[in-house]
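Reminder, nothing fancy here: chain letters follow the sequence lines and each chain counts from 1.
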Amino acid sequence: MIPAETFRQRVYAIVAQIPRGKVASYGLVALFAGRPGAARAVGTAMREVPSRWRGQKLPCHRVIKSDGSLTEAVFGGRQKKILMAEGAKFGRTGRVNMKICEWEGPD
DNA sequence: ACTGTGACTCTAA
DNA sequence: TTTAGAGCCACAG
């Protein structure tokens, strides 16, 4: 039988697949992880990510809120700069245009 | 098993 | 557009 992977491990696997220039909301990641509505739990999982995984290994900077705003409480303003460099489109209010940049999901 | 916590989300005003 | 309140879930103690 299938060894039960923890939700958190699943989340890390999903986030690792988010392509450059795209973003995914916590809720969307939860959905792909097989637990719709567990957006908050995804946030908790991201909080526990080892610093070494941050960056190319685990692009947690591409995980944002459903309305397109960023988690500045953790990244400080740095996150916006990184996403812009990756090609993410920002609106006038400083939020990502989810209509265009939201990840469509893993293959 | 229960309770508290938090990088969330939705609805209404 | 922004703020406020209630609902959600996984994880640690």
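Between A:D67 atom CG and B:dT9 atom P there is a gap of 8 Å when expressed in whole angstrom units. As a whole-Å value, the separation of A:E102 CD from B:dC8 C1' is 14 Å. A straight line from CD of A:E48 to C1' of C:dA12 spans 9 Å, rounded to a whole angstrom. In this structure, A:F7 places its CZ atom 11 Å from C1' of B:dC8, rounding to the nearest Å. Rounded to whole Å, the distance from CG on A:L70 to P on B:dC8 is 12 Å. Across the protein-nucleic acid pair, A:R78 atom CZ and B:dA7 atom C1' stand 15 Å apart, rounded to whole Å. In this structure, A:K80 atom NZ and B:dA7 atom C1' are separated by 18 Å, rounded to whole Å.
Using a 4.5 Å heavy-atom cutoff, the side chains of A:N97 and A:I100 are in contact. Residues A:I64 and A:T71 are not in side-chain contact: their nearest non-hydrogen atoms beyond the backbone lie 4.5 Å or more apart.
A:R10 is linked by a side chain to side chain contact (heavy atoms under 4.5 Å, CB included) to A:E5, A:A33, counting only residues two or more places apart in sequence or in another chain. Taking A:S66 as the reference, A:S25 meet the side chain to side chain contact (heavy atoms under 4.5 Å, CB included) condition, with sequence neighbours excluded. For A:R95, the side chain to side chain donor-acceptor pair (under 3.5 Å) partners at least two apart in sequence or on another chain are A:T93. Judged as a side chain to side chain donor-acceptor pair (under 3.5 Å), and not counting sequence neighbours, the contacts of A:S69 are A:D67.
The salt bridge (Lys or Arg N to Asp or Glu O under 4.0 Å) analysis of residues 73-94 of chain A, with sequence neighbours excluded, yields the pairs A:R62-A:E86. Among residues at least two apart or in separate chains, ring pair (Phe, Tyr, Trp, His ring centres under 6.0 Å) pairs with a member in residues 13-50 of chain A are A:F32-A:W103. Within the structure, no pair that satisfies the salt bridge (Lys or Arg N to Asp or Glu O under 4.0 Å) test touches residues 98-107 of chain A, not counting sequence neighbours.
Near-neighbour residues of DNA chain C inside residues 17-38 of chain A, defined by a heavy atom below 4.0 Å, number-ordered: A:R35, A:G37, A:A38. Across residues 89-100 of chain A, not one residue has a non-hydrogen atom less than 4.0 Å from an atom of DNA chain B.
The nearest pair of heavy atoms linking A:V29 to A:A24 is CG2-CB, 4.1 Å. Looking at every heavy atom in both residues, A:C101 comes nearest to A:G21 through CB-O, 4.2 Å.
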Distance-only donor-acceptor pairs under 3.5 Å for side chains of residues 34-46 of chain A, two or more places apart:
unit_1	atom_1	unit_2	atom_2	d
A:T44	OG1	A:R40	O	3.2

Shorter than 3.5 Å, N or O on both sides, protein versus nucleotides 3-5 of chain C: list them out with atom names.
none

Give each protein N/O atom lying under 3.5 Å from an N/O atom of nucleotides 3-5 of chain B, with the pair distance.
none

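One N or O donor and one acceptor, one from the side chain of A:R40 and one from the base of B:dG6, sit under 3.5 Å apart.
A sub-4.0 Å separation between OP1 or OP2 of C:dA10 and a side-chain N or O of A:T6 is absent.
Closest contact between the side chain of A:A39 and the listed nucleotides C:dC11, B:dG6, B:dT9 involves B:dT9. Closest approach to the A:A41 side chain among C:dC11, C:dA10, B:dC10 is made by C:dA10 (side chain taken as heavy atoms from C-beta onward). In this structure, of B:dC10, B:dA7, C:dA12, it is C:dA12 that holds the atom nearest to the side chain of A:R8.
Note on A:M98 and A:I82: separate hydrophobic clusters, where clusters join Ile, Leu, Val, Met, Phe, Trp and Tyr whose side-chain heavy atoms are under 4.5 Å apart, directly or indirectly.
Remark: A:E48 CD is packed, more than 12 non-hydrogen atoms of other residues, nucleotides or ligands lying under 6.0 Å away.
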